[in-house]
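Dumping the structure here so I can ask a few things about it.
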Amino acid sequence: MDTTNRVAPTAKTPALILEPDEYSMAKAVLSLHQGLLVAFPTETVYGLGADACDEKAVASIFAAKGRPSHNPLIIHVKDLATAQRYGHFDELALKLAEHFWPGPLTLVVPRLEGAGLSPLVSAGLATIALRGPANKVARLLLEGFEGPVAAPSANRSGLLSPTEAEHVEEMLGDQVSLILDDGACERGIESTIIGFERGSAIVLRSGSLPVEQIEAVSGIKMQAADTASSPDKITAPGQLSSHYAPNAQLRLEATSAGEEELMLAFGPDAPKGRPGVNLSPTGDLVEAATNLYAYLHLLDDTGVETIAVMPIPDKGLGVAINDRLRRAAALRPDDEE
Ligand code: AMP
Ligand code: MG
């Protein structure tokens, strides 16, 4: 067969990177319908989207990321009514969705069978993770597509999450058909994931929405995942000890940086005279969360071996920042992602 004039498969051609406008949004919606991968911004990090009802498209997310198939994906929806077509929301889940959506909160609820979702999307679990994101471009995409969009973070599995279109291009540029470039993500750290178990709520992953806010609205204390009582307790594989990792090693709780190190500083008391960057010179945790991945990408791109990280207060968004830093600093056994 003569193959000289055949076009290479779309998944291996470099991604189109387009700013959101009528043309690019229509193209993105069409690409999802065609079973292709579309990277899009959310208020947390960039997502790698595919039609959640298309088994092949969902499989290509796992392949593109190199993600183990036992790690389920978050399904993005335009609103709560759409979410309820796929998952069962009890009173508490309803209350949280009504209050915090659109926003950086993912709810893990029982999966409704026969609704058309790809089985792969939830890795064979009886639950699914649903989220209604707030970012305007994400919302336009979900409204245009109408159906559910499976979208994990648009990075290679185990590596740093992308908060800018360039990060997606670096890691997955030859795997996606289109990257919608909306600049830097507003929050910069992943969504908070909450699961439910017999009337109580469990923090499966700390994230952009501080747990204190969820407790204030629900009126109940959230349990940490590792203290949940039941033997069939829900686990989020994203809790793998090594995750969100740069190439460089991280040295945590550093008060100064050595000759060979670069500093990831925080707050007004950062030591002077060492090269590095400050997550927030004023000590603002929201600003620090927004900058976290972008600054780790920046330091990592220098090829430095070790990044010295100053202590971050463990409250509010600091809880999610410290969680990511601990995982980024963890030993990386070969069998993890
Ligand atoms: P990412 O898509 O990269 O933001 O990661 C999604 C996170 O959601 C991972 O930590 C998954 O393990 C978690 N997740 C997705 N679906 C479920 C589920 N049904 N039960 C528990 N965790 C889930
Ligand atoms: Mg991720």
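Counting starts at 1 for both ligands and their atoms, in listed order.
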Under 4.0 angstrom from ligand 1, any heavy atom of S153? yes

If you measure only the distance, is there a donor-acceptor pair under 3.5 Å linking the side chains of N155 and S153? yes

Under 3.5 Å donor-acceptor, T192 side chain and L209 backbone: yes

So, are R274 and E261 salt-bridged, with charged N and O less than 4.0 Å apart? no

Counting only protein N, O or S atoms and ignoring waters, those under 2.8 Å from the Mg ion (ligand 2) are S153 OG

Considering only heavy atoms of T127, which atoms of ligand 1 have at least one such atom less than 4.0 Å away? 18 (C), 19 (N), 20 (N)

Which atoms from ligand 1 have a heavy atom of I193 less than 4.0 Å away? 7 (C), 8 (O), 13 (C)

Between N291 (side chain only) and Y295 (backbone N and O only), is there a donor and an acceptor less than 3.5 Å apart? no

Given Y23, which partner from the list E19, K27, M25 fulfils the side chain to side chain contact (heavy atoms under 4.5 Å, CB included) test? K27

Within the 4.0 Å heavy-atom cut-off, what R67 brings close to ligand 1 is side chain

Using a 4.0 Å heavy-atom threshold (strictly under), name the region of T106 that reaches ligand 1: side chain, backbone, both or neither. neither

Any atoms of ligand 1 less than 4.0 Å from a non-hydrogen atom of L125? List them with their elements. 18 (C), 19 (N), 20 (N)

Region of N71 that comes within reach of ligand 1 [heavy atoms, distance under 4.0 Å]: side chain

Atoms in ligand 1 with a heavy atom of A129 nearer than 4.0 Å: 15 (C), 16 (N), 17 (C)

Under 4.0 Å from a heavy atom of V108: which atoms of ligand 1 are those, numbered in the order shown and with their elements? 18 (C), 19 (N), 20 (N)

Look at the aromatic rings of H297 and H167 and report parallel, tilted or perpendicular, splitting at 30° and 60°. parallel

With atoms numbered from 1 as shown, which atoms in ligand 1 lie under 4.0 angstrom from a non-hydrogen atom of I74? 4 (O), 6 (C), 8 (O)

Using a plain distance cutoff, I'd like to know if S122 has any nitrogen or oxygen under 3.5 Å from a nitrogen or oxygen of ligand 1. no

Between E43 and R131, is the closest basic N to carboxylate O distance under 4.0 Å? yes

